[in-house]
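Beneath this line is the structure, given in structure tokens, with notes to follow.
This one's a predicted model, so the numbers in the text were calculated from it and none came from an experiment. Residue numbers begin at 1 in each chain, while the letters A, B, ... track the order of the sequences.
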Protein chains: 2
Amino acid sequence: MTTDKNLIAAAMSLLDEGGEDAVTLRAVGHATGLSHNAPYKHFTNREALLAAVATSDFAALSDAFVAIRAARISPIKKLNNALKVVIDYSVQHPARYRLMFSDSGTAKEGGALEQEASIAFGEFIAIVKECQAERLLPDIPNNTLAGLLFATLHGLIAFQANGRMHPKKGLNGVLPSIELLITLLAPRPEL
Amino acid sequence: MTTDKNLIAAAMSLLDEGGEDAVTLRAVGHATGLSHNAPYKHFTNREALLAAVATSDFAALSDAFVAIRAARISPIKKLNNALKVVIDYSVQHPARYRLMFSDSGTAKEGGALEQEASIAFGEFIAIVKECQAERLLPDIPNNTLAGLLFATLHGLIAFQANGRMHPKKGLNGVLPSIELLITLLAPRPEL
DNA sequence: ACCTGAACACCGTTCAAGT
DNA sequence: ACCTGAACACCGTTCAAGT
């Protein structure tokens, strides 16, 4: 494996184990068996390394979406699985999820990150489109609907992660909430 | 004004001017005309000071919601105004908005922050309830619906702030998107 | 081309005093 | 009670060398 990949993998481990604060370039270097500033030979700075992590994770997310879309299951089931993939990821890798969706500094315009994020979102859009084709979701512009659904998903996940989603009565988990929304959006048949 | 308030106000200014990275306890102390570690005499650490900022901002948000709810306008207009208040806040004070809704470390269970956040959300819930009473929104549990709407609002704001909401066709602004959702959720009259 | 080691400026935090 | 100043450990980043 190339050193660049090793550094990214080390950063991922540190993110999973200790959160973003644990990702010091010194720790990344040492975890890779290199000196404290070896990362600078591969990434311009800390932010660039974190962006590379997010970029790699978006590529993995795209792969997961592609696999789901290719499965021989109903469109609504595909949408469900796609939502679950994102939710599970946010639970198992909270720091990396935050880097992908809740970070402001990481988003350089026109960079590889933005491109990979677009590809992943494009796959999600395609799944939503399949649902619309079967009239399981309203007939509004495809991108708009997909954006709304993904935004809701992210908002629910963020609320849960930040403890803003108290188990106060009525506030269910992320998956039940987003599924309820989908149910509510389902067009009722004309009489 | 008490020193505690001065420190919070200084932190707010720094957040608005330079983002979260600009809020060093040293800068906060100096901006208040005190020494580099004076903040430690009022807050246990940096995180506690930031939590105090978020707590104060949630109180202000509650006040805004209360004023909107007391206005002599239609429920749907109240909901619209409440959404606009949050959106405007996220645009004018992005770092402070993030502290309120996109921060993981700030949320200590049972603390003043959680309490103020609950009060603010309670006001939002009440506005949603008024809309439900007039059958402008679906007849599902009030808290659940309010949670869904607020989560969607936050998700849209986060996407916009992180540049994930490309002006790619179909992805409109935050307000149009959330208004579209509300339209879609509006119960169609039974025939 | 890739890596190391020293060095710099800056920060959060602690602690012993000051008034 | 409230504040200051010195000090510590740690970090991102830069730079001059090493191989």
**Report entry** Ionic contact status for D103(A) with R98(A), cut-off 4.0 Å
**Finding:** no
Requested in this report: Using heavy atoms to find the nearest nucleotide of DNA chain C for H36(A) and V23(B) separately, return the residue whose nucleotide is more 5′.
Outcome: H36(A)
Report summary line: Contacts of T44(A) meeting side chain to side chain donor-acceptor pair (under 3.5 Å) (sequence neighbours excluded), chain-then-number -> none
Query raised in the report: Is there a path from L34(A) to Y40(A) through hydrophobic residues (I, L, V, M, F, W, Y) whose side chains come within less than 4.5 Å of each other?
Result: no
**Report entry** Distance, rounded to the nearest Å, where L50(B) contributes CG and dG12(C) contributes C1'
**Finding:** 12 Å
Query raised in the report: Where along residues 6-15 of chain B does a heavy atom come under 4.0 Å from DNA chain D, residue by residue in number order?
Result: none
Report task. Check the distance between dG12(D)'s P and L25(A)'s CG and give it to me in whole angstrom. Result -> 5 Å
**Report entry** Donor/acceptor link under 3.5 angstrom from N37(B) side chain onto base of dT13(C)
**Finding:** no
Query raised in the report: Are any of the side-chain nitrogens in K77(A) or E130(A) under 4.0 Å away from the carboxylate oxygens of its partner?
Result: no
Query - Flag side-chain contact, heavy atom, 4.5 Å: D57(B) against M12(B) - result: yes
Query raised in the report: For V28(B), which contact category applies under a 4.0 Å heavy-atom criterion: base, sugar-phosphate, or nothing?
Result: nothing
Query raised in the report: Within this structure, what is the CZ-to-P distance between R46(B) and dC11(D), rounded to whole angstrom?
Result: 16 Å
Report summary line: Dot-bracket assigned to DNA chain D with the 3.5 Å Watson-Crick/G-U criterion, [ ] for crossing and | for other-strand pairs, is ||.|||||...|||||.||
Requested in this report: Between A27(A) and K41(A), name the one whose nearest nucleotide on DNA chain D is closer to the 5' end.
Outcome: A27(A)
**Report entry** Heavy-atom side-chain proximity of I157(B) to Y89(B) below 4.5 angstrom
**Finding:** no
**Report entry** F43(B) CZ to dT13(C) P, straight-line distance once rounded to whole Å
**Finding:** 13 Å
Report summary line: In whole angstroms, the gap separating C1' of dT13(C) from CG of L49(B) amounts to 14 Å
Report task. Would you please indicate yes or no on a ring centroid separation below 6.0 angstrom for F65(B) and F121(B)? Result -> no
Query raised in the report: Taking the side chain of R26(A) as its heavy atoms from C-beta onward, which of dC11(D), dG12(C), dT4(D) lies nearest to it?
Result: dC11(D)
Report task. Verify whether the ring centers belonging to F159(A) and H154(A) lie closer than 6.0 Å. Result -> no
Query raised in the report: Tell me: CG of D21(B) to P of dC11(D), nearest whole Å?
Result: 16 Å
Query raised in the report: In whole angstroms, how far is the P atom of dA9(C) from the CG atom of N45(A)?
Result: 20 Å
Report task. Calculate, to the nearest 0.5 Å, the distance between atoms CG and CZ belonging to D63(B) and F58(B) respectively. Result -> 13.5 Å
Requested in this report: Considering just the side-chain nitrogens and oxygens of T3(A), establish if one lies under 4.0 Å of OP1 or OP2 belonging to dC3(C).
Outcome: yes
Query raised in the report: Less than 4.0 Å between a side-chain N and a carboxylate O, is that true for E123(B) and K78(B)?
Result: no
**Report entry** Spacing between E47(B) atom CD and dG12(C) atom C1', to the nearest angstrom
**Finding:** 12 Å
Query raised in the report: Counting just side-chain N and O atoms, does H42(A) come under 4.0 Å of either OP1 or OP2 of dC3(C)?
Result: yes
